[in-house]
Novice: 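This is the structure I want to talk about, given as structure tokens.
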There are 4 protein chains.
Amino acid sequence: MAANKKDLIRQAAIEVIVDRGFHAATTDAIAARAGVSVGTIYNYFRNKEAILEHIFQVELERRIDYLSSLPEDMPVLQKLELFLQWHFRVIAQDPATGRILLRERSNLINLPAIRGYMESMTSYLTSLVEEGIRKGQFRRSNAALTGAIMFGALEAAVRHSIMAFEKTGRPLELITQEAARELFLFFSRSLQ
Amino acid sequence: MAANKKDLIRQAAIEVIVDRGFHAATTDAIAARAGVSVGTIYNYFRNKEAILEHIFQVELERRIDYLSSLPEDMPVLQKLELFLQWHFRVIAQDPATGRILLRERSNLINLPAIRGYMESMTSYLTSLVEEGIRKGQFRRSNAALTGAIMFGALEAAVRHSIMAFEKTGRPLELITQEAARELFLFFSRSLQ
Amino acid sequence: MAANKKDLIRQAAIEVIVDRGFHAATTDAIAARAGVSVGTIYNYFRNKEAILEHIFQVELERRIDYLSSLPEDMPVLQKLELFLQWHFRVIAQDPATGRILLRERSNLINLPAIRGYMESMTSYLTSLVEEGIRKGQFRRSNAALTGAIMFGALEAAVRHSIMAFEKTGRPLELITQEAARELFLFFSRSLQ
Amino acid sequence: MAANKKDLIRQAAIEVIVDRGFHAATTDAIAARAGVSVGTIYNYFRNKEAILEHIFQVELERRIDYLSSLPEDMPVLQKLELFLQWHFRVIAQDPATGRILLRERSNLINLPAIRGYMESMTSYLTSLVEEGIRKGQFRRSNAALTGAIMFGALEAAVRHSIMAFEKTGRPLELITQEAARELFLFFSRSLQ
DNA sequence: TATGAATGAGTGTTCATTCAT
DNA sequence: GATGAATGAACACTCATTCAT
């Protein structure tokens, strides 16, 4: 899971941040969890914020990689469906990271990587909406606003899934699958 | 605007938090903005977190007050439309508070008042969905999940409106009105 | 000796810095010596460097005060003699501060107050030389260079006095008196 | 210029220390400038301080070498003149080292090599004064104090020369030649 | 009630030094 | 000898909170 030391530290940071939040996650604790010394962190990251930036950067890249793998000419709705399913599957496999993506985004929104994450995700959804409209598959709408709305809805569905998992203990895979389905239905009715 | 000293401090805190975020908003800065001394803050609030809790508490109460003013037998979609219009109007009148509701919510989600705000808002939307389904005005769905999705979408629309205002300088009233309309359209298609 | 808390901290800092040098003088140690907590230091000084700047500032002001008390029309050599006697008397009364003026000056020469101290002292000596030349009491010379040389000689004499005191244990008053005399003789022959 | 690796590191250290001062000159930076790795430094020097000690040691040896080349029976004043000329010529050729000799001396005065440098230089000047007095070429005086004063004056003249060079841009050779002349005149009048 | 100086635990970051390769 | 990743002690500085006035 941690091919190299930078990844090792990233994983440790994710765990500690999930437990305590970014501000309460001390560099000492991250180092201890990673089994390295504090100094080592600074061999791989400029400072503490850079760890969080890296976390978002990595997640953004994963999403971009997935999205660019979808064939250009696939019906827009289907792209959306696949993306939602993939997204929730990833969350189910690594809920800790999912939680960070939710929790720390708002507060540290000034960090470039985090802005970048939000904006990239939103603009991908926006571009999907535009494509759908252009191809006559979606009704006309303010695409930018719609993309933003969809991103918010997506995150809320993730958050709700994680909370439902914590409350009920039902398998996270099932919960997220259902959320993906429900969200897709919600979107497909709204957009068409 | 600040009937008593507690309100005065609440307003000052809102302004400072909007400028810097909760963690960077020192009690000294809040006191200075309020024109009182640090010590005075502690006569009205248990600690710094309690200020934030109070901010959310007050906003929650405003929303509850508005919602209970809607007649019970009004069509559900109309209730939703009125609520959205009212909500965006409030944001347009006091965008600072709106920003706090967005920015600080995630990070300090463990504070009871903040959880309470989120949960109350979500459960109001959930209950609207349930009412719609029960009365045959909405299609069947997982109401809790749908409520959560709607809350996320609502916040995202607010965030997008504020950012659009900052970027374009268009009057916030117009931006929020359009957002309210678009969001209502989005919801009404999804739900029916 | 320490009228107010800022002075108290200044005195404590002088003692600790004399013992260990500026870089090894931790803020904790200064606070402990002053009998206050670390935080209190920062109520009176911007940062650690500001303490050193303040030390030099105070000493510079003392010297300026003394120098401006000398009558304008006094023979230049006599002004020089009085200044040397006063300077060495001050050192004898507060050798710790004298040591700081010597030891820390070079290393932290970029701090404004320290540059200011050196430059002010040097330019006072330079102006004395210029005055002497103008009034026909001194031979012609490069006044700026001569002033610099005199400042260096003065500091070296102080340093030598303190070291002689440490080695021999002779009363510092006697050592510095002799140094003042010898230095004056040295200067008066050089300058005329 | 760097016959072996130890010299290479010494030169690199001189450059970095001149740029930043000893405390801000990290071993990493010195290693980088020398084109070696940190570890290599520790094959040639016990620790970081030892580099500075070595710098002073080398400079001291150069001065001792020069001084022992002067014929024993040369008039004392002429020895002094030649030494001053030589010293300022060396500074003009390698101002970086000159700056270190000035800047770092005071602060790290506890290092044996640095004490040694100061004391050797001072005691050479002292022995010149004693010789002059013994041979009836100088007036009577406290030779040790006079030697110290002369060392201080010498350093101040060097410092002033370097600063004048930085401010005016005049050729350093000319500035130092003039300083050597002026300083010699200053000394010869004082001593006789 | 109001004040604001004093507190001191807590934390990000640096950097000389080591040592396995 | 040479390397440079890893180490971890050390330190400046912050800021929520208290309490004597």
Side-chain angles (χ1 to χ4, degrees), chain A residues 4-6 8-9 20 22-32 34-51, chain B residues 4-6 8-9 20 22-32 34-51, chain C residues 4-6 8-9 20 22-32 34-51, chain D residues 4-6 8-9 20 22-32 34-51:
Chain A
N4 54 29
K5 201 148 285 190
K6 188 167 186 178
L8 180 69
I9 294 168
R20 321 186 184 179
F22 181 70
H23 270 107
T26 64
T27 49
D28 277 7
I30 293 170
V36 300
S37 75
V38 227
T40 299
I41 292 179
Y42 289 85
N43 285 337
Y44 296 93
F45 297 96
R46 197 172 4 95
N47 55 28
K48 195 183 144 187
E49 282 190 348
I51 306 176
Chain B
N4 54 28
K5 201 153 284 193
K6 188 167 186 176
L8 181 68
I9 294 169
R20 323 186 184 179
F22 181 69
H23 269 107
T26 64
T27 49
D28 275 8
I30 294 169
V36 302
S37 77
V38 231
T40 301
I41 292 178
Y42 288 84
N43 285 334
Y44 294 93
F45 296 96
R46 196 174 3 95
N47 55 28
K48 193 183 147 189
E49 283 189 348
I51 306 176
Chain C
N4 56 28
K5 202 148 285 193
K6 188 168 186 178
L8 180 69
I9 294 169
R20 320 186 185 180
F22 181 70
H23 271 106
T26 66
T27 50
D28 277 8
I30 293 170
V36 301
S37 75
V38 227
T40 299
I41 291 179
Y42 289 85
N43 285 338
Y44 296 92
F45 296 96
R46 197 174 2 97
N47 56 27
K48 195 184 143 187
E49 282 191 348
I51 306 177
Chain D
N4 55 29
K5 203 153 281 191
K6 188 167 186 177
L8 182 69
I9 294 169
R20 323 186 185 179
F22 181 70
H23 269 106
T26 65
T27 49
D28 275 8
I30 293 170
V36 301
S37 77
V38 232
T40 301
I41 291 179
Y42 287 84
N43 285 334
Y44 295 94
F45 296 96
R46 198 175 0 99
N47 55 29
K48 193 185 149 189
E49 283 189 347
I51 306 176

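Chain letters run A, B, ... following the sequence lines, proteins first and then strands; every chain starts at 1. Side-chain atoms are counted along with the backbone in the values below, which use heavy atoms only and exclude waters and symmetry mates.
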Novice: Using a cut-off of strictly less than 4.0 Å, decide whether C:T40 has a side-chain nitrogen or oxygen near OP1 or OP2 of E:dA6.
Specialist: no

Novice: Using a 4.0 Å heavy-atom cut-off, does C:A25 contact any base of the nucleic acid, only the sugar-phosphate backbone, or nothing at all?
Specialist: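 Sugar-phosphate, backbone atoms only, no base.
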
Novice: Round to a whole Å and report the spacing from CG of D:D28 to C1' of E:dA16.
Specialist: 9 Å

Novice: So which one's nearest nucleotide on DNA chain E is more toward 5', C:S37 or A:G39?
Specialist: C:S37

Novice: Any non-hydrogen side-chain atom of B:I51 less than 4.5 Å from a side-chain atom of B:F22?
Specialist: no

Novice: Distance from D:I41 atom CD1 to D:L8 atom CG, nearest 0.5 Å?
Specialist: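 Going from CD1 on D:I41 over to CG on D:L8, the span is 10.0 Å.
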
Novice: With a 3.5 Å limit on both atom pairs, tell me what F:dC11 is paired to, counting Watson-Crick and G-U wobble, or say none.
Specialist: E:dG12

Novice: Give, for atom CD of B:E49 and atom CG of B:N47, the distance between the pair rounded to the nearest 0.5 Å.
Specialist: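 One gets 5.5 Å once the value is rounded to the nearest 0.5 Å.
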
Novice: Distance check, rounded to the nearest 0.5 Å: B:T27 atom OG1 versus B:F45 atom CZ?
Specialist: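 Rounded to the nearest 0.5 Å, the OG1-CZ separation comes to 13.0 Å.
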
Novice: In whole Å, what is the span from the CG atom of C:N47 to the P atom of F:dC13?
Specialist: 5 Å

Novice: Using a cut-off of strictly less than 4.0 Å, decide whether A:K5 has a side-chain nitrogen or oxygen near OP1 or OP2 of F:dA6.
Specialist: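 Answer yes for this pair, as a side-chain N or O of A:K5 is under 4.0 Å from OP1 or OP2.
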
Novice: Using a heavy-atom cut-off of 4.0 Å across all strands, would you classify C:Y44 as base, sugar-phosphate, or nothing?
Specialist: sugar-phosphate

Novice: Between C:R46 (CZ) and F:dT14 (C1'), how many Å, whole number?
Specialist: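 One finds 16 Å between C1' of F:dT14 and CZ of C:R46, rounded.
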
Novice: By nearest nucleotide on DNA chain E, pick out whichever of C:N43 and A:V38 is the more 5' one.
Specialist: C:N43

Novice: On a heavy-atom basis, which atom in D:T40 and which in D:I9 lie closest, and how many Å separate them?
Specialist: O-CD1, 4.4 Å

Novice: Would you kindly give the OH-to-P distance between D:Y42 and E:dT17, to the nearest whole Å?
Specialist: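 Between P of E:dT17 and OH of D:Y42: 4 Å.
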
Novice: In whole angstrom, give the distance that lies between atom NE2 of C:H23 and atom P of E:dA16.
Specialist: 11 Å

Novice: Return the pairing partner of E:dA20 with a 3.5 Å limit on both distances, Watson-Crick or G-U wobble; otherwise return none.
Specialist: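 Across any shown strand, E:dA20 pairs with F:dT3.
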
Novice: Measure from CZ on A:F45 to P on E:dG12 and round the result to the nearest Å.
Specialist: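 Between P of E:dG12 and CZ of A:F45: 15 Å.
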
Novice: May I have the distance from B:F22 (atom CZ) to F:dC15 (atom C1'), rounded to whole angstrom?
Specialist: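 The distance from CZ of B:F22 to C1' of F:dC15 comes to 12 Å, rounded to the nearest Å.
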
Novice: Let me know, please, whether A:I41 or B:A24 comes out on the 5' side of the other along DNA chain F by nearest nucleotide.
Specialist: A:I41

Novice: Quick one: C:R20 CZ to F:dC11 C1', roughly how many Å, whole number?
Specialist: 12 Å

Novice: Need one value for C:T26: base, sugar-phosphate or nothing, where a base atom within 4.0 Å counts as base even if backbone is also close, heavy atoms only.
Specialist: sugar-phosphate

Novice: Can you identify which nucleotide, out of F:dA16, E:dT3, F:dA12, has its nearest atom closest to the B:K48 side chain?
Specialist: F:dA16

Novice: Any side-chain N or O of D:T27 below 4.0 angstrom from OP1/OP2 of E:dC15?
Specialist: no

